[in-house]
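This report refers to the structure that appears directly beneath it.
These values consider heavy atoms only, across backbone and side chains, with no hydrogens, waters or symmetry-generated copies.
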Amino acid sequence: MTTDRANEIGTLSPKSRLEQALSLGGRVPELKKEERMLYLGELRERVIRKLSKKQVANPSIFPEIKEALKDKRTIKMLINGDLSYKFTDKYIKLAKEVGKPFTIIHNSELKGDTGLAVISDQAIDITNIDI
């Protein structure tokens with residue numbers, strides 16, 4: 001490669017913000033969408049604890065969820081909207097009891113088996129979030 005050609009390549013500029021926005025049709029790209037669909041719309045690094053759909057259907061409350069809801073890093077609890085209220089009611093009552101908000105997520109794009117997740121607003125990256 002000649003020096004002139006190398007200099008020419010080095011002067012190419014990345015797309016301007018306007019060009020980037022136009023190429024996306026005005027939409028902001030969603031980071032780690034596939035990962036978010038596994039954790040009820042949240043990033044894995046923000047999940048403190050999670051239950052599978054089958055675990056949420058268990059008649060008893062998992063003490064790890066109660067403990068996670070009391071964690072000072074917890075900002076909310078997410079519940080998979082595909083689950084029956086008869087299974088999720090006990091966790092909704094628990095969240096209200098400890099003063100944490102909850103959201104029921106209805107999204108046909110959700111993947112995986114997550115039934116409930118306790119979420120932080122920051123990356124905490126807990127190694128084992130499963131119960």
Exercise for the section: State whether the side chain of T74 and the backbone N or O of A68 hold a donor-acceptor pair below 3.5 Å, judged by distance alone. Expected result: yes

Practice task
Would you give the length of the straight line joining atom NZ of K54 to atom CG of L83, rounded to the nearest 0.5 angstrom?
Solution key: 13.5 Å

Problem - Under-4.0 Å salt bridge between E35 and K111 - result: no

Handout entry: Greater than 12 external heavy atoms within 6.0 Å of K90's NZ
Key = yes

Fill in the blank from the handout: One should read off an interatomic distance between L110 CG and R36 CZ, to the nearest 0.5 angstrom, of 12.5 Å

Practice task
Dump the intermediate steps for side chain to side chain contact (heavy atoms under 4.5 Å, CB included) on K96 and F102, then the final yes or no.
Solution key: CA-CA 8 Å; K96 289 178 181 178; F102 66 92; 3.8 Å; yes

Handout entry: N80 side chain to L116 backbone, donor-acceptor under 3.5 Å
Key = no

Practice task
Measure from the side-chain N and O atoms of T103 to the backbone N and O of L78, and report whether any donor-acceptor pair falls under 3.5 Å.
Solution key: no

Exercise for the section: Please examine the side chains of L69 and M77, heavy atoms only from C-beta on, and report whether any two atoms are closer than 4.5 Å. Expected result: yes

Exercise for the section: Take I65 and Y91, measure what side chain to side chain contact (heavy atoms under 4.5 Å, CB included) needs, and give me the verdict at the end. Expected result: CA-CA 9 Å; I65 296 299; Y91 288 105; 3.9 Å; yes

Fill in the blank from the handout: Nearest heavy-atom contact between T127 and R44 is O-NH2, 2.9 Å

Practice task
Could you check V56, I105, I92 and say which one makes a side-chain contact (heavy atoms from CB on, under 4.5 Å) with I79?
Solution key: I92

Handout entry: From CD (Q55) to CG (D113), nearest 0.5 Å
Key = 8.5 Å

Practice task
Drop me the distance from S120's OG to L43's CG, to the nearest 0.5 angstrom.
Solution key: 11.0 Å

Practice task
Report the residue from D121, I126, V118 that forms a side-chain contact (heavy atoms from CB on, under 4.5 Å) with R73.
Solution key: I126

Exercise for the section: Verify side chain to side chain contact (heavy atoms under 4.5 Å, CB included) between K50 and I131, making sure each step is shown before the conclusion. Expected result: CA-CA 7 Å; K50 81 174 194 71; I131 297 172; over 6 Å; no

Practice task
Treat each ILVMFWY residue as a node, draw an edge where side-chain heavy atoms are under 4.5 Å apart, and state whether L40 and I75 are in one component.
Solution key: no

Exercise for the section: Mind running side chain to side chain contact (heavy atoms under 4.5 Å, CB included) on E97 and K66 for me, showing each step along the way? Expected result: CA-CA 10 Å; E97 181 184 301; K66 187 172 188 175; 3.9 Å; yes

Handout entry: K33/E109 salt bridge by N-O under 4.0 Å criterion
Key = yes

Practice task
Would you check if Y39 and I129 make a side-chain contact, meaning some heavy-atom pair closer than 4.5 Å?
Solution key: yes

Exercise for the section: Mark yes when over 12 heavy atoms from residues, nucleotides or ligands other than K100 sit less than 6.0 Å from its NZ; otherwise mark no. Expected result: yes

Exercise for the section: Would you indicate whether the side-chain heavy atoms of E45 and I124 approach each other to under 4.5 Å? Expected result: no

Exercise for the section: Report yes if the side chains of I48 and I119 come closer than 4.5 Å at any heavy-atom pair, otherwise no. Expected result: no

